[in-house]
Amino acid sequence: DTEVTQTPKHLVMGMTNKKSLKCEQHMGHRAMYWYKQKAKKPPELMFVYSYEKLSINESVPSRFSPECPNSSLLNLHLHALQPEDSALYLCASSTSVVQGTEAFFGQGTRLTVV
Amino acid sequence: EDQVTQSPEALRLQEGESSSLNCSYTVSGLRGLFWYRQDPGKGPEFLFTLYSAGEEKEKERLKATLTKKESFLHITAPKPEDSATYLCAVQAGLTGGGNKLTFGTGTQLKVEL
């Protein structure tokens, strides 16, 4: 089983709303990631969690707040977003935080900010 | 800074017409090169990992190869269901306890009957 589950699949939110994206994996992976992908562009790394601790923040604005409650779950809390934040948000996980191991991606949450 | 360049940007093939996609990379300390397939509106689907020059991996109609500067994804006798965007990504060194993937911009493949 190489499944990473993201909810919701689609989300429309106003600029003053607060919402959360959720990601779950049951593969025993200890590294989890948030990527952002704009249309016709490659995914761009936002955050890395290693053993439930934030290890990389790619200078992401504070209106995006990640959280890793346990080894299987990853959340991305959204607040006061801008229309330019509309994108496909992808969660991924991998077994190792040291070796060059593959990351498995979820199907993404399509976010539209109005 | 790690750089990944994919070519061509778009490729149209007839069913059964074999071809290759290219991924050129510039990194310091390659830990892995990855190929993913992405369908519109979906997350990338893992295909292959390559670690060292000379390595090859195969899966159905796809074969990935690696040299010190580039990787090729060979598609043999493609079918319409192979139509997708193919992404190449590199992982270089250890960055703060996590594995960062740097992606190329992808090759959009369309296979027609």
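Atoms considered below: every heavy atom in the structure, side chains included; atoms not considered: hydrogens, waters and symmetry mates. Each chain gets a letter, A, B and so on, in the order its sequence line appears, and its residues count up from 1.
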Subject >> Nearest-0.5 Å distance, CG of residue A:L45 to CZ of residue B:F103 >> reply: 9.5 Å
Original post:
Between CZ of A:R110 and NZ of B:K42, what distance do you get to the nearest 0.5 Å?
Top reply: 11.5 Å
**OP:** Report yes if some heavy atom in the side chain of A:P42 is under 4.5 Å from a heavy atom in the side chain of B:V4; otherwise report no.
**Re:** no
Subject >> Proximity breakdown for B:L101 and chain A, heavy-atom pairs closer than 4.5 Å >> reply: both
**OP:** Indicate if A:L78 and A:V12 have the same hydrophobic cluster label, given that clusters are the connected sets of ILVMFWY residues with side-chain heavy-atom separations under 4.5 angstrom.
**Re:** no
Original post:
Has A:K38 got more than 12 heavy atoms of other residues, nucleotides or ligands less than 6.0 Å from its NZ?
Top reply: yes
Original post:
Shared ILVMFWY cluster between A:L73 and A:F104, side chains joined below 4.5 angstrom?
Top reply: no
Subject >> same_hphob_cluster(A:L11, A:Y89) at 4.5 Å side-chain heavy-atom cutoff >> reply: yes
Original post:
What part of B:Y36 gets closer than 4.5 Å to chain A, counting heavy atoms only: side chain, backbone, both or neither?
Top reply: side chain
Original post:
So, for B:P44 and A:L90, which heavy atoms are closest and what is the spacing to 0.1 Å?
Top reply: CD-CD1, 3.8 Å
Original post:
Do B:F46 and A:F105 have their ring centres less than 6.0 Å from each other?
Top reply: no
Original post:
Any donor and acceptor pair, going by atom type alone, linking the side chain of A:Y33 with main-chain N or O of B:K100 inside 3.5 Å?
Top reply: no
Original post:
Which atoms of A:Q6 come close to chain B, meaning under 4.5 Å heavy atom to heavy atom: side chain ones, backbone ones, both, or neither?
Top reply: neither
Original post:
Tell me, side chain or backbone of A:Q37 under 4.5 Å from chain B's heavy atoms, or both, or neither?
Top reply: side chain
**OP:** Count the heavy atoms belonging to other residues, nucleotides or ligands that lie under 6.0 Å from CZ of B:R61, then report whether that count exceeds 12.
**Re:** yes
Original post:
B:L11, B:F72: one ILVMFWY side-chain cluster at the under-4.5 Å cut-off?
Top reply: no
Subject >> Residues, nucleotides or ligands: over 12 heavy atoms within 6.0 Å of B:Q3 CD >> reply: no
Original post:
Is the number of heavy atoms from other residues, nucleotides or ligands within 6.0 Å of CD (A:E58) greater than 12?
Top reply: yes
**OP:** State whether the number of non-hydrogen atoms from other residues, nucleotides or ligands found under 6.0 Å of A:E44 atom CD is greater than 12.
**Re:** no
Original post:
What distance separates A:L88 CG from B:Q38 CD, expressed to the nearest 0.5 Å?
Top reply: 7.0 Å
Subject >> Neighbourhood of chain A inside residues 104-111 of chain B, taking heavy atoms under 4.5 Å as contact >> reply: B:G104, B:T105, B:Q108
